[in-house]
Amino acid sequence: MPILLYHHVAPHQSENIYYVAPDAFEHQMYLLHEWGYTTISVELMVRAIKEGAELPPKPILLTFDDGSETVHTNALPIMQKFNFTGTVYIVYNYIGRRNYMNQDQIRQLYASGWEIGSHSLSHADLTQRSDRQMDEIVESRRKLQSLLGVPILSFSYPFGAYDENSVYYAHYAGYIAAMGLGKESVQGSKNLFYLYRQSVKGPDDLRTFALLLPWREDLENLSALTVVP
């Protein structure tokens with residue numbers, strides 16, 4: 001069950017590896033489509049893990065951290081071409097700031113079939129601010145649900161950093177799962193509150209992207225996927 005992590009879908013910036021150019025992003029989505037991947041929600045994945053809910057043959061989760069405005073302006077229309085949906089993790093204090101989504105844009109993602117999750121109040125490293133964990137994890141969910149009027153089902157640890165208290169508060173807040181980082185695609189009940197996500201970076205070529213996936217087709221014919229119909 002691969003989970004991919006994006007931040008910005010905008011022209012690549014050499015000083016920030018987390019900007020994936022829109023044309024590269026579209027090639028990646030086209031590859032997923034041509035290889036038979038189907039995007040699913042965190043909620044469905046959790047039901048599959050806990051209850052054995054049926055999944056499509058090649059399920060994948062596409063997640064976006066921070067709430068960059070480029071998720072709405074660039075990622076959303078590209079993904080809609082392929083009937084893909086994603087999960088966006090919002091930093092509450094970033095809402096409406098320059099280069100970040102406002103309330104209406106976030107709600108539009110939800111109306112388009114996306115899930116909305118919390119990425120804390122202020123993007124603090126929770127392992128360095130134990131005094132902030134209650135607010136950053138628990139209060140962020142309450143505030144996001146109150147502001148947006150949509151369910152906030154899962155949490156994403158800022159920087160992928162967590163400790164025992166972080167997991168406790170994620171449970172206490174009522175989240176059904178929490179996202180971390182990792183190099184595996186195996187998800188299960190033992191890591192439900194630190195699910196493994198692999199980051200997609202701006203410098204990655206299509207082959208590097210393909211190697212993140214557990215179900216691969218012919219890597220020698222990737223050039224045929226660089227021209228999106």
Side-chain angles (χ1 to χ4, degrees), residues 2-35 37-42 59-120 123 144 147-148 150 152 154 156 158-160 179 181 197-213 222-229:
I3 306 176
L4 301 184
L5 166 60
Y6 292 89
H7 289 82
H8 308 271
V9 179
H12 175 55
Q13 299 183 10
S14 58
E15 69 276 10
N16 190 329
I17 62 172
Y18 295 112
Y19 278 74
V20 176
D23 60 339
F25 182 75
E26 186 164 13
H27 292 149
Q28 293 165 3
M29 296 302 103
Y30 182 48
L31 180 147
L32 293 177
H33 178 268
E34 290 299 293
W35 283 8
Y37 280 83
T38 301
T39 55
I40 68 166
S41 64
V42 177
I60 190 168
L61 262 168
L62 303 179
T63 68
F64 300 79
D65 278 7
D66 298 346
S68 167
E69 189 175 33
T70 66
V71 175
H72 179 268
T73 56
N74 295 334
L76 174 62
I78 291 171
M79 290 170 65
Q80 285 178 325
K81 292 182 181 180
F82 304 103
N83 294 316
F84 288 165
T85 56
T87 300
V88 61
Y89 288 98
I90 301 296
V91 178
Y92 179 82
N93 289 348
Y94 290 1
I95 295 174
R97 287 188 182 179
R98 185 173 179 268
N99 298 326
Y100 290 92
M101 288 185 285
N102 60 36
Q103 299 174 44
D104 290 340
Q105 290 170 319
I106 298 169
R107 290 193 191 101
Q108 187 176 348
L109 289 179
Y110 180 76
S112 300
W114 288 46
E115 279 186 331
I116 313 299
S118 172
H119 197 33
S120 79
H123 207 281
L144 283 169
L147 179 69
L148 300 172
V150 304
I152 305 296
S154 59
S156 169
F159 310 104
M179 297 285 171
L181 299 171
R197 293 188 299 173
Q198 300 184 80
S199 294
V200 182
K201 302 179 179 69
D204 293 349
D205 60 17
L206 198 57
R207 182 182 180 85
T208 302
F209 174 81
L211 291 173
L212 298 176
L213 305 173
L222 290 179
S223 59
L225 297 173
T226 59
V227 180
V228 181

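We count residues from 1, following the sequence as given.
- In this structure, Val71 and His8 have side chains that are not in contact, with every pair of non-hydrogen atoms separated by 4.5 Å or more.
- Looking at every heavy atom in both residues, Ala10 comes nearest to Tyr19 through CB-CD2, 3.8 Å.
- Contact of the Ile3 side chain with the Ile60 side chain is not registered, since no non-hydrogen atoms from C-beta on lie closer than 4.5 Å.
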| field | Full working for side chain to side chain contact (heavy atoms under 4.5 Å, CB included) between Val150 and Ile152 | value | CA-CA 6 Å; Val150 304; Ile152 305 296; 4.2 Å; yes

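- Within the structure, no pair that satisfies the salt bridge (charged side-chain N to carboxylate O under 4.0 Å, His left out) test touches residues 3-20, not counting sequence neighbours.
- Under the side-chain contact (heavy atoms from CB on, under 4.5 Å) criterion, Thr38 pairs with Pro56, sequence neighbours left out.
- For the pair His27 (side chain) and Asp23 (backbone), a donor-acceptor distance under 3.5 Å is present.
- Side chain of Thr39 to backbone of Thr85: a donor-acceptor contact under 3.5 angstrom is found.
- Pairs engaging residues 107-117 under the salt bridge (charged side-chain N to carboxylate O under 4.0 Å, His left out) rule: Asp104-Arg107 [sequence neighbours left out].
- Panel note: side chain Glu26, backbone Ile78; no donor-acceptor pair is recorded below 3.5 Å.
- Of the candidates Tyr89, Phe64, Phe209, Tyr18, Phe64 is the only one forming a ring-ring contact (aromatic ring centres under 6.0 Å, His included) with Tyr6.
- Looking at heavy atoms from C-beta onward, Leu148 lies out of side-chain contact with Tyr110 at the 4.5 angstrom threshold.
- Counting heavy atoms from C-beta on, the side chains of Gln103 and Leu147 come closer than 4.5 Å.
- For Ser112, the side-chain contact (heavy atoms from CB on, under 4.5 Å) test picks out Leu76, Gln80, Gln108, Trp114, with sequence neighbours left out.
- Going from atom CD of Gln105 over to atom CG of Leu109 covers 8.0 Å, rounded to the nearest 0.5 Å.
- Within the 3.5 Å criterion, the main-chain N or O of Lys201 finds a donor-acceptor partner in the side chain of Asp204.
- Here the CG atom belonging to Asp205 is positioned 10.0 Å from the CD atom belonging to Gln28, to the nearest 0.5 angstrom.
- The side-chain heavy atoms of Pro22 and Pro11, taken from C-beta on, include a pair separated by under 4.5 Å.
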| field | side chain to side chain contact (heavy atoms under 4.5 Å, CB included) between Leu62 and Met29, worked out | value | CA-CA 10 Å; Leu62 303 179; Met29 296 302 103; 3.7 Å; yes

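- Not a single donor-acceptor pair under 3.5 Å links the side chain of Glu34 to the backbone N or O of Leu31.
- In this structure, CE on Met101 lies 8.5 Å from CD on Glu69, to the nearest 0.5 angstrom.
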Compile the donor-acceptor pairs under 3.5 Å between side chains in residues 90-98 and protein atoms, sequence neighbours left out, one pair per line.
{"unit_1": "Asn93", "atom_1": "ND2", "unit_2": "Leu121", "atom_2": "O", "d": "3.1"}
{"unit_1": "Arg97", "atom_1": "NE", "unit_2": "Asn93", "atom_2": "O", "d": "3.0"}

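- Nearest approach of Pro59 to Tyr37, heavy atoms of both residues: O-CD2, 4.3 Å.
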| Pair Thr87-Ile116, side chain to side chain contact (heavy atoms under 4.5 Å, CB included): steps then yes or no | CA-CA 6 Å; Thr87 300; Ile116 313 299; over 6 Å; no

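- Exactly one residue among Asp65, Asp66, Thr63 makes a side-chain hydrogen bond (donor to acceptor under 3.5 Å, both in side chains) with Ser156. That residue is Asp65.
- A donor-acceptor pair is defined here as one N or O able to donate and one able to accept, closer than 3.5 Å; such a pair exists between the side chain of Thr70 and the backbone of Val9.
- For Leu181, the side-chain contact (heavy atoms from CB on, under 4.5 Å) criterion is met by Leu5, Tyr194, Ser199, not counting sequence neighbours.
- Ring geometry for His119 against His123 counts as perpendicular: the plane angle is over 60°, on a 0 to 90° scale with 30° as the lower cut.
- If you take CZ on Arg197 and CG on Leu61, they are separated by 10.0 Å, rounding to the nearest 0.5 Å.
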